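Report on the following structure.
Fair warning: this is a prediction, and the values are worked out from it, not measured in the lab. Computed over heavy atoms, backbone and side chain alike; hydrogens, waters and symmetry mates excluded.
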Amino acid sequence: MIFDAALWSSLPVPAILLDPDDTIARINPAAESFLNISAKGLTGASVWDKVMIDAPLEGAFARARKNKSSLFVNDVDVGSGMRAPMQCNIQIAPLQGADGHMLVMISPREIASRMVQNQNSGKAAKSAIGMAEMLAHEIKNPLAGITGAAQLLSMNLTPEDLEMTDLIVAESRRIVKLLEQVEQFGNLRPPALRPVNIHDVLDRARQSASVGFAAHMLLIEDYDPSLPPAYVDNDQLLQVILNLLKNAAEVGGDGGSIRLRSFYDTSLRITKSDGSQARLPLQIEIVDDGPGLPAEIANDIFEPFVSGRENGTGLGLALVSKLIGDMGGWISVDSTPGHTVFRVSLPLVPEDAKTTGET
C-alpha cells in the first residue's frame, strides 16, 4: 500500500485509517487532537472501543466495506473516553488500492451550526443592544435626580423612615450600574491585536481571582508551555478570562475547583465573512465542577440578556463572545452537572504581522 505521510499529516479534519478487522492502522494529528488521545494509544486498538459514536454503525460499516461503497452519517455525536461528545458529520470510504482498508473522516459540526445561529441572531442582538443603549442614556439622568432627592429627604427623617430612602438610593445605584454595563457593551474600542503569550494572561487572571472572587476555590493550572503566541488584544483577553473565572467562582461552592487549561488543536477552522478559512489552533479552557448551565438556556448563553443566575444581567457572556469574535477567535461551551467547560479558540500570529515586526 502506497501512503503519502505528508498528505496524511496535512489533512485539516480528523481522519482514521482502519485495517480489514476494524483496528486502527493510522491516525492523523487532527484526529489525535480531536479525540485527545495519542496515536500510540490508538494504533492497533479496535475503532469501536476508542471512538464513541452515538449511532448503530457497525452493520452499515460492514456493508460499505463488503460493497466497496461510501457511507455518510450526519448529525451524530462523536467522542472518546478522553473528551466530551461533539456533533459531527462522518464520511467513510474504502481506500483505493488497499483491499479491506477503510478511511473514516470526522467533521465537527459545532462551529458551523453556531456560526449559522450567530448570523441569524446577530442583527436582532445588535438592534436590542442599540435600543438598550438609548434607554440607558435616557434613564440615567432621572435616576440621578431620584437619588439626589432621596438623599435630601433622608436628612430630616427618623431612623425608621431612613430605611425607605436608603432602599431608593441603593436600588437607583444598582440600576445605574446595570445601565453602565449596557453602555459598555456597545462602546468597546476595536481590539489592538498583537502577539501575546496567553500564559502570561492566564497567570494574571488566576492571581487576581485567587485573592478575590475565587479565594474559596482551588485554581488548577494545566498548561502546554510550548504554545506559540496568540494574535489578540492583551487587555481584552484578560477581561474575557476574568469574566469566565468569575462566573465559575460564583456557581462553585467552597472547596470546588476551577481548571485553567491550554493546548493546541489543529482541527479547528472557521469560515470568515469574506469566505476565507481561519485556523484557531490555540485553545484555552476554563473548567469548573459546578451545577452546570440550565438546559433551557444552554444553546443561547452567549446571546444578550440571557442569564442562568436569578439576578444576572445576561450581558457578561455576551460581552465575552463579542470580545473574542472581534479578535477573530471563537468561544464555545459544553456543560453537564459537575463539569462545565468554556473553550476559547484563538488565532496564531499571521505571517504579515511577523514580517512587519508587530509587538
Side-chain angles (χ1 to χ4, degrees), residues 1 3-58 61 65 71 73 75-93 95 98 101-111 220-228 257 259-269 279-289 330 332-336 338-346:
M1 177 176 60
F3 198 88
D4 190 322
L7 177 62
W8 179 250
S9 299
S10 300
L11 287 173
V13 297
I16 303 171
L17 180 64
L18 302 181
D19 284 329
D21 60 356
D22 288 349
T23 58
I24 298 172
R26 287 179 179 267
I27 180 170
N28 74 339
E32 288 183 85
S33 296
F34 176 78
L35 297 171
N36 199 25
I37 307 176
S38 69
K40 184 177 179 180
L42 290 166
T43 303
S46 169
V47 67
W48 309 115
D49 292 339
K50 294 295 185 178
V51 183
M52 312 306 173
I53 302 174
D54 188 22
L57 283 186
E58 294 187 51
F61 188 85
R65 172 182 276 125
L71 175 65
V73 183
D75 303 332
V76 63
D77 287 340
V78 181
S80 72
M82 301 301 293
R83 69 152 297 147
M86 179 182 291
Q87 193 173 71
C88 301
N89 293 339
I90 301 177
Q91 298 173 309
I92 302 169
L95 185 67
H101 288 73
M102 300 292 284
L103 179 63
V104 180
M105 301 185 73
I106 303 168
S107 301
R109 292 201 66 240
E110 177 190 12
I111 299 301
I220 304 169
E221 300 173 33
D222 183 10
Y223 300 161
D224 178 353
S226 67
L227 293 185
S257 66
R259 180 179 297 274
L260 294 86
R261 180 178 178 231
S262 69
F263 61 101
Y264 201 86
D265 185 349
T266 59
S267 66
L268 189 57
R269 294 170 182 253
R279 295 177 58 222
L280 302 174
L282 301 176
Q283 312 298 323
I284 297 172
E285 288 186 344
I286 306 298
V287 186
D288 71 69
D289 53 7
W330 187 256
S332 61
V333 62
D334 180 65
S335 183
T336 56
H339 188 77
T340 296
V341 182
F342 281 90
R343 180 191 282 202
V344 176
S345 305
L346 301 171

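Residues forming a side chain to side chain donor-acceptor pair (under 3.5 Å) with Glu285 (at least two apart in sequence, or on another chain): Arg261, Arg343. Legend: residues meeting side chain to side chain donor-acceptor pair (under 3.5 Å) with Asp289, ordered by chain and number and at least two apart, are Ser257.
Checking side-chain atoms of Asp19 against main-chain N and O of Asp21 turns up no donor-acceptor pair under 3.5 Å. Formation of a donor-acceptor pair under 3.5 Å by the Thr23 side chain with backbone atoms of Gly44 is not found in this model.
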- prompt: Can Trp8 and Leu17 be said to form a side-chain contact (heavy atoms from CB on, under 4.5 Å), step by step?
  reply: CA-CA 10 Å; Trp8 179 250; Leu17 180 64; 4.1 Å; yes
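To the nearest 0.5 Å, atoms CD1 (Ile284) and CZ (Phe263) are separated by 10.0 Å. Of the inter-residue distances, the one linking Cys88 atom SG with Asp54 atom CG reads 11.5 Å to the nearest 0.5 angstrom.
Taking the side chain as every heavy atom from C-beta outward, Ile24 and Leu18 approach each other to under 4.5 Å. Between Met52 and Val78 the shortest side-chain heavy-atom distance does not fall below 4.5 Å. Counting only heavy atoms from C-beta outward, the side chains of Pro228 and Leu282 approach each other to under 4.5 Å. In this structure, Leu57 and Trp48 have side chains that are in contact, with non-hydrogen atoms separated by less than 4.5 Å. For the pair Val344/Phe342, no side-chain contact is recorded, criterion being any heavy-atom separation below 4.5 Å from C-beta on. A heavy-atom distance below 4.5 Å is not found between the side chains of Pro14 and Met105.
Contacts classified as ring pair (Phe, Tyr, Trp, His ring centres under 6.0 Å) and involving residues 14-39 (residues at least two apart or in different chains) are not found.
Screening Val341, Asp334, Ile220, Asp222 for a side chain to side chain contact (heavy atoms under 4.5 Å, CB included) with Val287, the sole residue that qualifies is Val341. Screening Leu35, Leu42, Leu103 for a side chain to side chain contact (heavy atoms under 4.5 Å, CB included) with Ile16, the sole residue that qualifies is Leu35.
Of all non-hydrogen atoms in Phe61 and Val104, the two that sit nearest each other are CE1-CG2, 4.1 Å. Looking at every heavy atom in both residues, Glu32 comes nearest to Ala39 through OE1-N, 2.8 Å. Contact between Asp265 and Ser33 at its shortest, heavy atoms only, is OD1-CB, 3.3 Å. Val13 approaches Asn28 most closely through the heavy-atom pair O-ND2, 3.0 Å. The two residues Gly41 and Lys50 have their closest heavy-atom pair at O-CE, 3.6 Å.
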